[in-house]
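A short worksheet on the structure shown next.
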Amino acid sequence: MLRRWQQTCVEEAEYKYNSGGSHFFCQATPGAGKTVFAATIAKRLLDQNQVDLVLCFAPSRMVCEAIRHTFSIITGNDFSGGFGAIGGVYTYQTLSFKNDDFWQRFQRYRVFVVFDEIHHCAADEHGRSNVWGQQIVANIQKLATYSLALSGTPWRTDAAPIAMAEYTNLEGELICDYQYGLQQAVDDSVCRRPRIVLADSEYLSVKEGSSQRSFSSIKSLLSDSTASYQSVIHSPRAIDYLLTESCKKLAEIRKSIPNAGGLVVAASVSHAKQIKKALAEKHGQSVVIVTYHHDKPLQTIEQFKSANTQWIVSVGMISEGTDIPRLQVCCHMSAVKTELYFRQVLGRILRVNGSANQEAWLYTFAEENLVSFAERIEQDIPETCLHIRPPSEEEQEHEPTCERENKSHQITCGLAEERLLNLEWLPREKASNSHTGGDLNDLAELKIGRFRQRVIEAFCCGP
(Lines give C-alpha, C1' and ligand atoms only; values in the text may rest on other atoms or scores of the structure.)
Protein backbone atom coordinates (compact mmCIF):
# COMPACT_ATOMS: atom_id res chain seq x y z
CA MET A 1 0.00 0.00 0.00
CA LEU A 2 1.35 3.38 -0.99
CA ARG A 3 1.98 6.16 1.48
CA ARG A 4 -0.14 9.25 1.04
CA TRP A 5 2.64 11.29 -0.56
CA GLN A 6 3.52 8.42 -2.91
CA GLN A 7 -0.08 8.08 -4.06
CA THR A 8 -0.37 11.83 -4.65
CA CYS A 9 2.90 11.93 -6.55
CA VAL A 10 1.91 8.93 -8.71
CA GLU A 11 -1.30 10.67 -9.66
CA GLU A 12 0.50 13.91 -10.54
CA ALA A 13 3.07 12.08 -12.64
CA GLU A 14 0.37 10.16 -14.51
CA TYR A 15 -1.52 13.37 -15.15
CA LYS A 16 1.55 15.06 -16.59
CA TYR A 17 2.42 12.08 -18.81
CA ASN A 18 -1.18 11.78 -20.05
CA SER A 19 -1.30 15.52 -20.72
CA GLY A 20 1.59 15.45 -23.17
CA GLY A 21 4.53 15.85 -20.79
CA SER A 22 7.38 13.37 -21.02
CA HIS A 23 9.52 14.20 -17.96
CA PHE A 24 8.71 14.38 -14.23
CA PHE A 25 11.06 15.63 -11.48
CA CYS A 26 10.41 14.46 -7.91
CA GLN A 27 12.32 15.77 -4.90
CA ALA A 28 11.59 13.71 -1.79
CA THR A 29 13.62 13.70 1.40
CA PRO A 30 16.01 10.76 1.95
CA GLY A 31 14.22 7.77 3.43
CA ALA A 32 10.75 8.75 2.17
CA GLY A 33 10.37 5.85 -0.28
CA LYS A 34 11.22 7.22 -3.72
CA THR A 35 12.03 3.79 -5.17
CA VAL A 36 8.58 2.36 -4.34
CA PHE A 37 6.97 5.41 -5.92
CA ALA A 38 9.07 5.03 -9.08
CA ALA A 39 8.36 1.30 -9.36
CA THR A 40 4.62 1.98 -9.04
CA ILE A 41 4.79 4.45 -11.93
CA ALA A 42 6.68 1.86 -13.99
CA LYS A 43 4.08 -0.81 -13.26
CA ARG A 44 1.20 1.44 -14.29
CA LEU A 45 2.87 2.46 -17.54
CA LEU A 46 3.57 -1.19 -18.34
CA ASP A 47 0.06 -2.32 -17.39
CA GLN A 48 -1.49 0.42 -19.53
CA ASN A 49 0.73 -0.57 -22.48
CA GLN A 50 2.27 2.88 -22.64
CA VAL A 51 5.87 1.61 -22.55
CA ASP A 52 7.72 -1.56 -23.55
CA LEU A 53 10.89 -1.31 -21.44
CA VAL A 54 11.96 0.29 -18.17
CA LEU A 55 15.59 1.32 -17.65
CA CYS A 56 16.92 2.69 -14.35
CA PHE A 57 20.18 4.45 -13.56
CA ALA A 58 21.67 5.03 -10.10
CA PRO A 59 24.97 6.24 -8.58
CA SER A 60 26.21 2.95 -7.09
CA ARG A 61 25.94 -0.81 -7.40
CA MET A 62 24.43 -1.06 -3.93
CA VAL A 63 21.61 1.28 -4.88
CA CYS A 64 21.15 -0.54 -8.20
CA GLU A 65 20.60 -3.83 -6.40
CA ALA A 66 18.00 -2.25 -4.13
CA ILE A 67 16.19 -0.72 -7.13
CA ARG A 68 16.29 -4.01 -9.05
CA HIS A 69 14.79 -5.86 -6.10
CA THR A 70 11.99 -3.33 -5.53
CA PHE A 71 11.07 -3.00 -9.22
CA SER A 72 10.99 -6.78 -9.65
CA ILE A 73 8.59 -7.22 -6.73
CA ILE A 74 6.24 -4.33 -7.54
CA THR A 75 6.04 -4.89 -11.33
CA GLY A 76 6.19 -8.70 -11.13
CA ASN A 77 8.79 -8.71 -13.92
CA ASP A 78 12.43 -9.61 -14.41
CA PHE A 79 14.70 -6.57 -14.14
CA SER A 80 18.00 -8.33 -14.73
CA GLY A 81 18.54 -6.58 -18.08
CA GLY A 82 19.00 -9.98 -19.76
CA PHE A 83 17.04 -11.94 -22.35
CA GLY A 84 13.31 -11.73 -21.66
CA ALA A 85 13.67 -9.05 -18.99
CA ILE A 86 11.28 -6.12 -19.00
CA GLY A 87 13.98 -3.81 -17.73
CA GLY A 88 17.43 -3.30 -16.26
CA VAL A 89 19.24 -1.21 -13.67
CA TYR A 90 22.66 0.32 -14.32
CA THR A 91 25.13 2.65 -12.62
CA TYR A 92 25.77 6.08 -14.09
CA GLN A 93 29.39 5.05 -14.55
CA THR A 94 28.33 2.55 -17.24
CA LEU A 95 26.72 5.22 -19.43
CA SER A 96 29.99 5.91 -21.25
CA PHE A 97 30.48 2.24 -22.07
CA LYS A 98 27.12 1.33 -23.58
CA ASN A 99 27.34 0.15 -27.20
CA ASP A 100 25.15 1.11 -30.14
CA ASP A 101 22.88 -1.87 -29.61
CA PHE A 102 21.97 -0.58 -26.18
CA TRP A 103 21.14 2.91 -27.42
CA GLN A 104 19.15 1.53 -30.36
CA ARG A 105 16.61 0.24 -27.87
CA PHE A 106 15.36 3.81 -27.64
CA GLN A 107 14.63 3.72 -31.38
CA ARG A 108 12.98 0.28 -31.37
CA TYR A 109 10.97 0.45 -28.14
CA ARG A 110 8.93 2.79 -26.01
CA VAL A 111 11.23 3.28 -23.02
CA PHE A 112 10.55 4.63 -19.54
CA VAL A 113 13.79 5.82 -17.88
CA VAL A 114 14.26 6.42 -14.16
CA PHE A 115 17.20 8.49 -12.91
CA ASP A 116 17.84 7.96 -9.20
CA GLU A 117 19.70 10.76 -7.39
CA ILE A 118 19.87 12.74 -10.62
CA HIS A 119 21.94 15.49 -8.97
CA HIS A 120 25.02 13.39 -9.79
CA CYS A 121 24.52 14.30 -13.44
CA ALA A 122 25.18 17.83 -14.67
CA ALA A 123 24.24 19.25 -18.06
CA ASP A 124 22.82 22.32 -19.77
CA GLU A 125 22.86 23.98 -23.16
CA HIS A 126 25.80 26.17 -22.13
CA GLY A 127 28.18 23.23 -21.86
CA ARG A 128 28.29 22.99 -18.08
CA SER A 129 28.16 19.21 -18.08
CA ASN A 130 29.91 16.18 -16.67
CA VAL A 131 30.37 12.87 -18.49
CA TRP A 132 27.19 11.33 -17.15
CA GLY A 133 25.09 14.38 -17.93
CA GLN A 134 26.45 14.53 -21.47
CA GLN A 135 25.41 10.92 -22.11
CA ILE A 136 21.92 11.55 -20.77
CA VAL A 137 21.41 14.61 -22.95
CA ALA A 138 22.90 12.99 -26.07
CA ASN A 139 21.28 9.56 -25.86
CA ILE A 140 18.25 9.63 -23.58
CA GLN A 141 16.65 13.02 -23.00
CA LYS A 142 14.87 13.35 -26.35
CA LEU A 143 14.53 9.65 -27.13
CA ALA A 144 12.89 8.25 -23.99
CA THR A 145 9.12 8.01 -24.20
CA TYR A 146 8.85 9.01 -20.54
CA SER A 147 11.43 9.81 -17.91
CA LEU A 148 11.44 10.28 -14.16
CA ALA A 149 14.16 12.07 -12.18
CA LEU A 150 14.47 11.49 -8.44
CA SER A 151 16.57 13.26 -5.83
CA GLY A 152 16.64 13.54 -2.07
CA THR A 153 19.22 16.35 -2.10
CA PRO A 154 18.76 18.12 -5.45
CA TRP A 155 21.69 20.48 -5.63
CA ARG A 156 25.34 20.41 -6.63
CA THR A 157 28.39 22.15 -5.21
CA ASP A 158 30.13 22.89 -8.52
CA ALA A 159 27.69 25.49 -9.89
CA ALA A 160 26.55 23.19 -12.72
CA PRO A 161 22.82 22.68 -13.35
CA ILE A 162 21.37 19.22 -12.80
CA ALA A 163 20.67 17.22 -15.95
CA MET A 164 16.99 16.79 -16.83
CA ALA A 165 16.12 19.69 -14.50
CA GLU A 166 14.52 23.03 -15.24
CA TYR A 167 15.36 26.35 -13.58
CA THR A 168 13.50 29.62 -13.52
CA ASN A 169 16.59 31.25 -15.05
CA LEU A 170 20.36 30.77 -15.10
CA GLU A 171 20.69 31.93 -11.49
CA GLY A 172 17.23 30.89 -10.36
CA GLU A 173 15.20 28.29 -8.60
CA LEU A 174 15.01 24.61 -9.41
CA ILE A 175 11.58 23.67 -10.70
CA CYS A 176 10.24 20.42 -9.24
CA ASP A 177 7.01 18.75 -10.30
CA TYR A 178 6.60 17.41 -6.78
CA GLN A 179 8.38 18.13 -3.48
CA TYR A 180 8.16 16.18 -0.24
CA GLY A 181 10.29 17.68 2.49
CA LEU A 182 11.66 16.26 5.72
CA GLN A 183 9.17 18.07 7.94
CA GLN A 184 6.27 16.60 5.95
CA ALA A 185 7.85 13.16 6.21
CA VAL A 186 8.29 13.49 9.98
CA ASP A 187 4.73 14.76 10.42
CA ASP A 188 3.45 11.79 8.39
CA SER A 189 5.62 9.32 10.38
CA VAL A 190 7.35 8.42 7.13
CA CYS A 191 10.76 9.46 8.50
CA ARG A 192 12.17 9.52 12.01
CA ARG A 193 12.58 12.84 13.77
CA PRO A 194 16.31 13.54 13.87
CA ARG A 195 18.28 14.54 16.93
CA ILE A 196 21.74 15.94 16.27
CA VAL A 197 24.39 16.05 18.98
CA LEU A 198 27.19 18.57 18.42
CA ALA A 199 30.21 17.76 20.59
CA ASP A 200 32.63 20.51 21.58
CA SER A 201 35.39 21.00 24.12
CA GLU A 202 36.04 23.99 26.35
CA TYR A 203 39.75 23.23 26.64
CA LEU A 204 41.75 22.41 23.54
CA SER A 205 45.50 22.60 23.22
CA VAL A 206 47.54 22.52 20.05
CA LYS A 207 51.30 22.49 19.64
CA GLU A 208 52.58 24.73 16.84
CA GLY A 209 56.33 24.52 16.57
CA SER A 210 57.77 25.19 20.01
CA SER A 211 54.70 26.95 21.37
CA GLN A 212 51.55 25.57 22.92
CA ARG A 213 48.20 27.32 22.61
CA SER A 214 44.79 26.58 24.06
CA PHE A 215 41.30 27.30 22.77
CA SER A 216 37.81 27.27 24.21
CA SER A 217 35.98 25.68 21.28
CA ILE A 218 36.52 23.79 18.05
CA LYS A 219 35.41 26.88 16.14
CA SER A 220 38.10 29.06 17.71
CA LEU A 221 40.70 26.33 17.27
CA LEU A 222 40.05 26.04 13.54
CA SER A 223 39.75 29.77 12.91
CA ASP A 224 42.65 31.02 15.04
CA SER A 225 45.31 28.33 14.58
CA THR A 226 46.88 26.22 11.87
CA ALA A 227 44.97 23.17 13.11
CA SER A 228 42.67 21.53 10.59
CA TYR A 229 39.45 19.61 11.05
CA GLN A 230 41.53 16.54 10.23
CA SER A 231 43.31 17.05 13.55
CA VAL A 232 39.99 16.95 15.37
CA ILE A 233 38.50 13.87 13.76
CA HIS A 234 41.79 11.94 14.07
CA SER A 235 42.36 12.84 17.72
CA PRO A 236 42.09 9.57 19.73
CA ARG A 237 40.47 11.44 22.62
CA ALA A 238 37.92 13.12 20.39
CA ILE A 239 37.12 9.81 18.70
CA ASP A 240 36.76 8.11 22.06
CA TYR A 241 34.37 10.76 23.35
CA LEU A 242 32.09 10.59 20.33
CA LEU A 243 32.13 6.78 20.33
CA THR A 244 31.43 6.64 24.06
CA GLU A 245 28.36 8.86 23.74
CA SER A 246 27.15 7.03 20.64
CA CYS A 247 27.58 3.60 22.23
CA LYS A 248 25.60 4.74 25.28
CA LYS A 249 22.75 5.89 23.08
CA LEU A 250 22.76 2.72 21.00
CA ALA A 251 22.73 0.62 24.17
CA GLU A 252 19.66 2.53 25.38
CA ILE A 253 17.82 1.95 22.11
CA ARG A 254 18.79 -1.73 21.99
CA LYS A 255 17.01 -2.30 25.33
CA SER A 256 13.75 -2.05 23.39
CA ILE A 257 15.05 -2.77 19.87
CA PRO A 258 17.67 -5.53 20.24
CA ASN A 259 18.86 -5.37 16.63
CA ALA A 260 19.19 -1.59 16.37
CA GLY A 261 22.48 -0.65 14.72
CA GLY A 262 24.92 2.21 14.43
CA LEU A 263 26.93 3.69 11.56
CA VAL A 264 30.27 5.48 11.72
CA VAL A 265 31.21 7.50 8.64
CA ALA A 266 35.01 7.66 8.65
CA ALA A 267 37.43 9.87 6.73
CA SER A 268 39.82 7.25 5.35
CA VAL A 269 40.66 3.56 5.49
CA SER A 270 43.23 4.06 8.23
CA HIS A 271 40.75 6.22 10.15
CA ALA A 272 38.09 3.52 9.81
CA LYS A 273 40.47 0.87 11.11
CA GLN A 274 41.33 3.09 14.08
CA ILE A 275 37.63 3.51 14.87
CA LYS A 276 36.86 -0.18 14.41
CA LYS A 277 39.62 -1.11 16.82
CA ALA A 278 38.36 1.37 19.42
CA LEU A 279 34.80 0.10 19.14
CA ALA A 280 35.81 -3.53 19.49
CA GLU A 281 38.58 -3.33 22.07
CA LYS A 282 37.68 -0.37 24.27
CA HIS A 283 33.92 -0.33 24.00
CA GLY A 284 33.29 -4.05 23.59
CA GLN A 285 31.10 -3.61 20.52
CA SER A 286 30.53 -5.98 17.64
CA VAL A 287 31.61 -4.18 14.47
CA VAL A 288 32.24 -4.66 10.76
CA ILE A 289 34.03 -2.37 8.33
CA VAL A 290 33.31 -1.55 4.68
CA THR A 291 35.72 0.39 2.48
CA TYR A 292 36.96 0.20 -1.10
CA HIS A 293 40.03 -1.65 0.25
CA HIS A 294 38.05 -4.48 1.81
CA ASP A 295 36.79 -7.61 0.08
CA LYS A 296 33.13 -7.87 -0.89
CA PRO A 297 31.91 -4.67 0.80
CA LEU A 298 28.44 -4.94 -0.77
CA GLN A 299 28.06 -8.43 0.64
CA THR A 300 29.14 -7.18 4.06
CA ILE A 301 26.52 -4.40 3.93
CA GLU A 302 23.82 -6.86 2.87
CA GLN A 303 24.70 -9.21 5.73
CA PHE A 304 24.72 -6.31 8.21
CA LYS A 305 21.15 -5.41 7.24
CA SER A 306 19.70 -8.54 8.81
CA ALA A 307 22.40 -9.24 11.40
CA ASN A 308 22.57 -8.28 15.07
CA THR A 309 25.99 -6.60 14.77
CA GLN A 310 26.05 -3.31 16.65
CA TRP A 311 28.19 -1.13 14.37
CA ILE A 312 29.26 -0.75 10.78
CA VAL A 313 32.18 1.59 9.96
CA SER A 314 32.20 2.93 6.41
CA VAL A 315 34.36 5.01 4.11
CA GLY A 316 32.03 6.20 1.36
CA MET A 317 30.22 2.87 1.03
CA ILE A 318 27.02 3.74 2.88
CA SER A 319 25.59 6.99 1.63
CA GLU A 320 22.56 8.05 -0.39
CA GLY A 321 20.11 5.34 -1.33
CA THR A 322 21.54 2.64 0.95
CA ASP A 323 18.61 1.24 2.88
CA ILE A 324 19.42 -0.20 6.32
CA PRO A 325 16.32 0.59 8.44
CA ARG A 326 17.81 -0.81 11.65
CA LEU A 327 20.39 2.01 11.72
CA GLN A 328 19.33 4.49 14.42
CA VAL A 329 22.63 6.03 15.58
CA CYS A 330 25.29 7.61 13.39
CA CYS A 331 28.73 9.13 14.04
CA HIS A 332 29.69 11.65 11.36
CA MET A 333 33.51 11.76 11.39
CA SER A 334 34.07 12.31 7.68
CA ALA A 335 36.40 15.01 6.38
CA VAL A 336 33.72 16.10 3.89
CA LYS A 337 31.84 19.06 5.35
CA THR A 338 29.22 20.02 2.78
CA GLU A 339 25.50 20.33 3.38
CA LEU A 340 24.70 17.87 0.63
CA TYR A 341 26.84 15.14 2.21
CA PHE A 342 25.66 16.00 5.73
CA ARG A 343 22.03 15.49 4.76
CA GLN A 344 22.81 12.29 2.89
CA VAL A 345 24.55 10.85 5.96
CA LEU A 346 21.69 11.93 8.21
CA GLY A 347 19.26 10.22 5.85
CA ARG A 348 20.82 6.83 6.65
CA ILE A 349 19.16 6.80 10.08
CA LEU A 350 15.80 8.37 9.18
CA ARG A 351 14.07 5.47 7.44
CA VAL A 352 11.27 4.12 9.65
CA ASN A 353 10.60 0.44 10.25
CA GLY A 354 8.12 -1.51 12.34
CA SER A 355 9.90 -1.02 15.64
CA ALA A 356 8.29 0.73 18.59
CA ASN A 357 11.33 2.94 19.17
CA GLN A 358 11.95 5.23 16.21
CA GLU A 359 14.69 7.45 17.64
CA ALA A 360 17.39 8.74 15.29
CA TRP A 361 20.60 10.23 16.70
CA LEU A 362 23.49 11.74 14.76
CA TYR A 363 26.71 12.58 16.64
CA THR A 364 29.32 14.90 15.21
CA PHE A 365 31.67 17.71 16.22
CA ALA A 366 30.72 21.37 16.55
CA GLU A 367 32.65 22.49 13.49
CA GLU A 368 31.18 25.76 12.23
CA ASN A 369 29.77 24.43 8.95
CA LEU A 370 28.29 21.32 10.54
CA VAL A 371 26.62 23.45 13.21
CA SER A 372 25.02 25.57 10.49
CA PHE A 373 23.80 22.51 8.60
CA ALA A 374 22.30 21.05 11.76
CA GLU A 375 20.53 24.30 12.57
CA ARG A 376 19.03 24.36 9.08
CA ILE A 377 17.62 20.84 9.16
CA GLU A 378 14.16 22.18 9.92
CA GLN A 379 14.34 24.12 6.67
CA ASP A 380 13.00 21.53 4.27
CA ILE A 381 14.77 22.76 1.15
CA PRO A 382 17.98 24.66 1.89
CA GLU A 383 18.89 27.71 -0.13
CA THR A 384 21.68 25.79 -1.83
CA CYS A 385 19.07 23.46 -3.26
CA LEU A 386 17.21 26.26 -4.96
CA HIS A 387 20.02 28.26 -6.47
CA ILE A 388 23.03 27.47 -8.57
CA ARG A 389 26.08 28.87 -6.82
CA PRO A 390 29.85 28.59 -7.08
CA PRO A 391 31.45 26.22 -4.57
CA SER A 392 33.55 27.48 -1.70
CA GLU A 393 37.28 26.76 -1.72
CA GLU A 394 36.72 24.14 0.96
CA GLU A 395 34.06 22.36 -1.08
CA GLN A 396 36.29 22.36 -4.12
CA GLU A 397 39.02 20.77 -2.05
CA HIS A 398 36.97 18.10 -0.31
CA GLU A 399 33.94 17.39 -2.50
CA PRO A 400 34.86 14.97 -5.30
CA THR A 401 33.22 15.42 -8.68
CA CYS A 402 30.80 12.86 -10.03
CA GLU A 403 33.22 11.55 -12.62
CA ARG A 404 35.63 10.65 -9.84
CA GLU A 405 33.04 9.10 -7.57
CA ASN A 406 34.65 5.67 -7.54
CA LYS A 407 37.94 7.34 -6.62
CA SER A 408 36.46 9.73 -4.06
CA HIS A 409 37.35 7.44 -1.20
CA GLN A 410 40.96 7.52 -2.32
CA ILE A 411 40.85 11.31 -2.45
CA THR A 412 39.47 11.49 1.08
CA CYS A 413 41.96 8.89 2.25
CA GLY A 414 44.81 10.98 0.93
CA LEU A 415 43.78 13.89 3.13
CA ALA A 416 44.32 11.76 6.20
CA GLU A 417 47.96 11.29 5.30
CA GLU A 418 48.67 14.98 5.96
CA ARG A 419 50.77 15.73 9.02
CA LEU A 420 48.33 16.20 11.88
CA LEU A 421 49.04 18.69 14.63
CA ASN A 422 49.56 17.45 18.16
CA LEU A 423 46.07 18.19 19.49
CA GLU A 424 45.17 17.74 23.15
CA TRP A 425 41.84 18.06 24.94
CA LEU A 426 42.76 20.00 28.10
CA PRO A 427 41.29 19.55 31.56
CA ARG A 428 39.91 22.74 33.05
CA GLU A 429 42.47 23.11 35.82
CA LYS A 430 45.32 23.25 33.31
CA ALA A 431 43.75 25.71 30.89
CA SER A 432 44.80 28.86 32.70
CA ASN A 433 48.49 28.01 32.25
CA SER A 434 48.33 27.45 28.51
CA HIS A 435 48.30 31.10 27.50
CA THR A 436 51.17 32.09 29.70
CA GLY A 437 53.88 29.85 28.35
CA GLY A 438 53.61 27.24 31.12
CA ASP A 439 55.57 24.01 31.21
CA LEU A 440 55.28 22.60 27.68
CA ASN A 441 56.23 19.15 28.80
CA ASP A 442 53.44 19.25 31.35
CA LEU A 443 51.00 20.38 28.69
CA ALA A 444 52.07 17.62 26.36
CA GLU A 445 51.13 15.09 29.00
CA LEU A 446 47.57 16.36 29.42
CA LYS A 447 45.20 13.54 28.62
CA ILE A 448 41.57 14.53 28.53
CA GLY A 449 39.39 17.59 28.60
CA ARG A 450 35.84 18.49 29.49
CA PHE A 451 33.42 18.16 26.64
CA ARG A 452 30.07 19.81 26.22
CA GLN A 453 27.16 18.92 24.01
CA ARG A 454 24.46 20.78 22.19
CA VAL A 455 21.46 18.73 21.10
CA ILE A 456 19.32 19.94 18.22
CA GLU A 457 15.90 18.28 18.15
CA ALA A 458 14.30 19.01 14.82
CA PHE A 459 10.54 19.43 14.40
CA CYS A 460 9.92 19.02 18.15
CA CYS A 461 7.20 21.66 18.14
CA GLY A 462 5.26 20.40 15.13
CA PRO A 463 4.71 22.18 11.83
Side-chain angles (χ1 to χ4, degrees), residues 1-46 50-51 54-59 63-64 66-67 70-71 74-75 87 89 92 111-123 132-133 136 140-141 144-156 161-168 173-188 190-191 320-323 340 343-344 347 350-352 379-382 384-386:
M1 182 175 179
L2 293 178
R3 293 166 174 165
R4 183 173 60 182
W5 85 264
Q6 293 169 327
Q7 181 61 44
T8 301
C9 197
V10 166
E11 292 171 356
E12 293 194 14
E14 285 189 310
Y15 179 80
K16 184 171 184 179
Y17 293 150
N18 292 332
S19 301
S22 62
H23 181 62
F24 193 88
F25 194 112
C26 170
Q27 183 274 319
T29 191
K34 294 185 290 295
T35 305
V36 170
F37 151 71
T40 302
I41 289 287
K43 176 176 172 53
R44 295 195 181 187
L45 291 174
L46 289 167
Q50 292 181 264
V51 296
V54 178
L55 300 179
C56 303
F57 295 91
V63 177
C64 283
I67 292 174
T70 300
F71 271 62
I74 291 180
T75 67
V89 189
Y92 287 123
V111 183
F112 175 50
V113 184
V114 177
F115 301 99
D116 188 56
E117 307 299 354
I118 187 63
H119 55 266
H120 284 275
C121 307
W132 301 347
I136 290 172
I140 300 177
Q141 187 168 17
T145 304
Y146 300 109
S147 57
L148 171 65
L150 307 170
S151 180
T153 49
W155 71 92
R156 293 176 57 84
I162 297 170
M164 304 291 286
E166 296 181 12
Y167 295 85
T168 55
E173 296 184 357
L174 173 68
I175 300 173
C176 293
D177 293 291
Y178 189 88
Q179 289 184 328
Y180 187 66
L182 180 55
Q183 179 162 1
Q184 293 170 279
V186 171
D187 292 342
D188 293 343
V190 169
C191 288
E320 57 190 350
T322 306
D323 180 13
L340 185 149
R343 289 194 177 226
Q344 289 172 351
L350 298 185
R351 190 178 296 273
V352 298
Q379 181 181 345
D380 281 354
I381 310 298
T384 47
C385 168
L386 296 176

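For the numbers below, each heavy atom of this structure counts, side chains included, while hydrogens, waters and symmetry mates do not.
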Original post:
What residues, two or more places apart in sequence or in another chain, satisfy side-chain hydrogen bond (donor to acceptor under 3.5 Å, both in side chains) together with E11?
Top reply: Q7
Original post:
How would you list, by chain and number, every residue that makes a side-chain hydrogen bond (donor to acceptor under 3.5 Å, both in side chains) with S147, sequence neighbours excluded?
Top reply: H23
Results of ring-ring contact (aromatic ring centres under 6.0 Å, His included) for [X] - residues two or more places apart only:
X: Y92; value: W132
X: Y178; value: none
X: F71; value: F79

**OP:** Decide side chain to side chain contact (heavy atoms under 4.5 Å, CB included) for I118 and F25; before the verdict, give the C-alpha distance in whole Å, the side-chain angles of both, and the deciding distance to 0.1 Å.
**Re:** CA-CA 9 Å; I118 187 63; F25 194 112; 3.7 Å; yes
Original post:
Among pairs that include at least one residue of residues 15-30, which meet salt bridge (charged side-chain N to carboxylate O under 4.0 Å, His left out), considering only residues two or more places apart or in two chains?
Top reply: K16-D177
For [X] and [Y], indicate whether the former's side chain and the latter's backbone hold a donor-acceptor pair under 3.5 Å.
X: R343; Y: G152; answer: no
X: Q6; Y: G33; answer: yes
X: S22; Y: Y146; answer: no

Original post:
Given C26 and W5, is the side chain to side chain contact (heavy atoms under 4.5 Å, CB included) satisfied, shown in steps?
Top reply: CA-CA 11 Å; C26 170; W5 85 264; 4.0 Å; yes
Original post:
Considering residues at least two apart in sequence or located in another chain, which fulfil the side chain to side chain contact (heavy atoms under 4.5 Å, CB included) criterion with V10?
Top reply: L2, E14, F37, T40, I41, R44
Original post:
Taking only residues two or more places apart in sequence, or in another chain, which ones meet A58 in a side chain to side chain contact (heavy atoms under 4.5 Å, CB included)?
Top reply: V63, C64, I67, D116
